[in-house]
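What you see below is based on every heavy atom in this structure, not just the backbone, and it leaves out hydrogens, waters and symmetry mates.
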Amino acid sequence: MKVAIVRFLGTNCDFDCKYACDTLGIKSEFVFYTQIDLNGFDTVILPGGFSYGDYLRSGALAKFSPVMDSVRELAKKGYPVIGICNGFQILIESGLLKGALLKNKTLRFIHKDVYLKVEKSRCYFTKNIKSESVLKMPIAHAEGNYFCSDDYLKYLLDNDMIVLRYASKNGHINDTYNPNGSVYNIAGICNENGNVFGLMPHPERVVGDLGRDGEIIFKHLL
C-alpha cells in the first residue's frame, strides 16, 4: 500500500505523518497541493496544520486545491482517506464528511492529551480495534467543536459512523471529558462506506518512541 501525504500551504504535521509511516514500515510520499493525479497511491493522509492560514474557516480554501479532485475520486472509489485535525476540517469543507467544526467552546486553542473511547463503527481505520477500547492521544486545535443537527446525529448513530468520542481514562463519557464542546463528545467520524475518516486527535504523535496508541490506527495502512 502506498500512501500520499498531502501538503497544503500551511500544513505542519506532514513530517509527523511521514515519521509514523516510516516507523511502521508503510510506504509513503509527500504530495503537493498542486498535484492533480494520485494514480499509484492507495491511501491518502490529509495532515494537520493551518492550511492557507485558516483564512475564512479552517480548511475552507484547501478544498479548492487541485489535488482535492483526485482525493474525492479515490474516496468515491473506496480507497482509505484519513484527515487529521486540519485534515478533518478539510474533509468537512470538501463535503467528504458532513457536519461542521466550530470554535472550541472556550474560544481558546487547546493542546493537551485526551482519552478517546472507540465506538462500534464501520470505519476502516479502527476495524481491528475492539470497541469500547480507550486510547490516549493529544489534541491541538482552536476549531474542533464538532457540530451537526439532531437529525444528522441520529443518522450517524443509526449507521455506525461515530468512530471516537472524548472520554475519561476509564471510558466514561460526559461533559467533563469533552474538551471543545463537541456534540455527543464526538472526536472522529467516518462516511457511510467507512473508508473516509476524520478526527481531531493526532495519532501520528503517538507512534514509536512517542507511544503506541496511534500505531493502532496507522497499522491499518500496512
Indicate yes or no: does R212 engage E215 in a salt bridge with an N to O separation below 4.0 Å. yes

Does L222 share a hydrophobic cluster with I129, counting links as ILVMFWY side-chain heavy atoms below 4.5 Å and allowing steps through other members? yes

Do I36 and L61 sit in the same hydrophobic cluster, where Ile, Leu, Val, Met, Phe, Trp and Tyr count as joined when their side-chain heavy atoms come under 4.5 Å apart? no

Over 12 non-hydrogen atoms of neighbours within 6.0 angstrom of NZ in K2: yes

Pair N170, S168: side-chain N/O donor-acceptor within cut-off below 3.5 Å: no

Let's go through D37 and N39 carefully: what are the C-alpha distance in whole Å and the side-chain angles of both, what is the deciding distance for side-chain hydrogen bond (donor to acceptor under 3.5 Å, both in side chains) to 0.1 Å, and is it a yes or a no? CA-CA 6 Å; D37 186 356; N39 283 333; 3.0 Å; yes

Cation over ring face, R7 and F30, 6.0 Å, 45°: yes

Assess whether atom OH of Y55 is packed by more than 12 heavy atoms of other residues, nucleotides or ligands within 6.0 Å. no

Checking N180 against Y166: is there a side-chain donor and acceptor pair closer than 3.5 Å? yes

Any donor-acceptor pair under 3.5 Å linking the side-chain atoms of N104 with those of N145? no

Quick check: is F64 connected to V67 through a chain of hydrophobic side chains (ILVMFWY, heavy atoms under 4.5 Å apart)? no

Do the side-chain N and O atoms of T11 and Y33 include a donor-acceptor pair separated by under 3.5 angstrom? no

Does the pair D14/K18 count as a salt bridge with the N-to-O cut at 4.0 Å? no

Partner of I82 by side chain to side chain contact (heavy atoms under 4.5 Å, CB included), out of L46, I217, V44: I217

Any side chain to side chain donor-acceptor pair (under 3.5 Å) pairs touching residues 91-102, not counting sequence neighbours? R57-E93

Please check if the number of heavy atoms outside E132 that lie under 6.0 Å from its CD is greater than 12. no

Without swapping roles, check the side chain of N159 against the backbone of Y155 for a donor-acceptor pair under 3.5 Å. yes

Could you tell me whether the side chains of D151 and S149 share a donor-acceptor contact shorter than 3.5 Å? no

If hydrophobic clusters are built from ILVMFWY residues whose side chains come within less than 4.5 Å, do I45 and Y19 share one? yes

Stepwise side-chain contact (heavy atoms from CB on, under 4.5 Å) check, L9 with S51: CA-CA 5 Å; L9 297 175; S51 58; over 6 Å; no

Ignoring hydrogens and angles, state whether a donor on the side chain of S121 or D160 is under 3.5 Å from an acceptor on the partner side chain. no

Sequence neighbours excluded - ring-ring contact (aromatic ring centres under 6.0 Å, His included) pairs with any residue from residues 177-220: F125-F197

If you count the non-hydrogen atoms of other residues, nucleotides and ligands that lie under 6.0 Å from OH in Y79, is the total more than 12? no

Return the set of residues passing side-chain contact (heavy atoms from CB on, under 4.5 Å) with D213 (not counting sequence neighbours), or none when no residue passes. L135, K136, V206

